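To keep things clear, I will list the structure first and then write my remarks on it.
Whatever order the structure lists them in is the order used to number ligands and atoms, beginning at 1. Atoms considered below: every heavy atom in the structure, side chains included; atoms not considered: hydrogens, waters and symmetry mates. It should be emphasised that the depicted structure is a prediction, and the values quoted were computed from it without experimental measurement.
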Amino acid sequence: MLNDLERVMFDEKTIAERIAELGQEITRDYAGKDIVVVGILKGSVVFFSDLIRQIKLPLNIDFIVASSYGDGAETSGRVNIKKDLEKDIAGRDVLLVEDIIDSGVTMNCLMDILNKRQPASVKLCALLTKEPRRQIPVKIDYCGFDVPDEFLVGYGLDYAEKYRNLPVIGVLKREIYS
Ligand code: IMP
Ligand code: MG
């Protein structure tokens, strides 16, 4: 799998250190609140499980499955909720956890859907942001790293459902997806 990478962008240590920092910020900001941390599956699964262990507060977790991508590398522009949250978020402080914000279409749509349910607050924590690709503005409250416009895999990020279990984040060789 590592052979399919053009290069490694973030190694395990770099990722872990940044997540520890994010965890500290979140811990400080949410002290005393009734927090539900929502993972957006499947891409956030690895980040989510590392992040929640760096949040030193009592919390609940929940998951939502939304997708705007098929098996390819380009967005279809449509967002589809395939599995909804288990519990009502009315009155709760919701922290959404996403792997990467690219065009912003998925997150924009999800934010609209969740805000209609009258939560006390909704904030976003994204490991990666690809600013040059943004079509719709998205406010990222806690962001791991800014990345350039390249197709990334690993640490939850997939190409055609592969590479999610790579412990690093790297640039996929172009010949594999083009
Ligand atoms: P957006 O709606 O274009 O912002 O797409 C966000 C979703 O697209 C993310 O949650 C990822 O699942 C996927 N995505 C965007 N860029 C990449 C990438 O470089 N590698 C793998 N998945 C990506
Ligand atoms: Mg994906």
Check each atom of ligand 1 against the heavy atoms of [X] and keep those under 4.0 Å away; list them by number with element.
X      : result
Ser103 : 1 (P), 2 (O), 3 (O), 4 (O)
Glu150 : 19 (O)
Thr106 : 1 (P), 2 (O), 5 (O), 6 (C)
Glu98  : 10 (O)
Leu157 : 21 (C), 22 (N)
Lys130 : 16 (N), 17 (C), 18 (C), 19 (O)

(Q) In this structure, does ligand 1 have an atom that sits under 4.0 Å from one of the heavy atoms of Asp99? (A)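 It does; at least one heavy atom falls under 4.0 Å.
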Q. Should Arg133 be listed as contacting ligand 1, given a heavy-atom distance under 4.0 Å as the test?
A.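 Checking ligand 1 against Arg133, which is what was asked, there is no heavy-atom contact under 4.0 Å.
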Presence of salt bridge, [Y] and [X], under 4.0 angstrom:
X      : Y      : value
Arg92  : Asp34  : yes
Asp149 : Arg134 : no
Glu150 : Arg7   : yes
Lys42  : Glu161 : yes

Q: List in chain and number order the residues that pass side-chain contact (heavy atoms from CB on, under 4.5 Å) with Asp141, two or more places apart in sequence or in another chain; answer none if no residue qualifies.
A: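 Lys123, Leu124, Lys139.
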Q: May I ask you to check whether Tyr155 and Phe10 place their ring centers less than 6.0 Å from one another?
A: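 Here the rings of Phe10 and Tyr155 have centres that are no less than 6.0 Å from each other.
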(Q) I need the full list of side-chain hydrogen bond (donor to acceptor under 3.5 Å, both in side chains) pairs touching residues 22-33, with sequence neighbours left out, sorted by first then second residue. (A)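 Those involving residues 22-33 are Asp29-Tyr142.
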Q.
If you measure every N or O of Gly104 against every N or O of ligand 1, does any of those distances drop under 3.5 Å?
A.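 Yes, there is a polar N/O contact under 3.5 Å.
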Q: Could you tell me whether some N/O pair between Leu152 and ligand 1 is separated by less than 3.5 angstrom?
A: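 Between Leu152 and ligand 1 (N or O atoms, distance only) the closest approach is under 3.5 Å.
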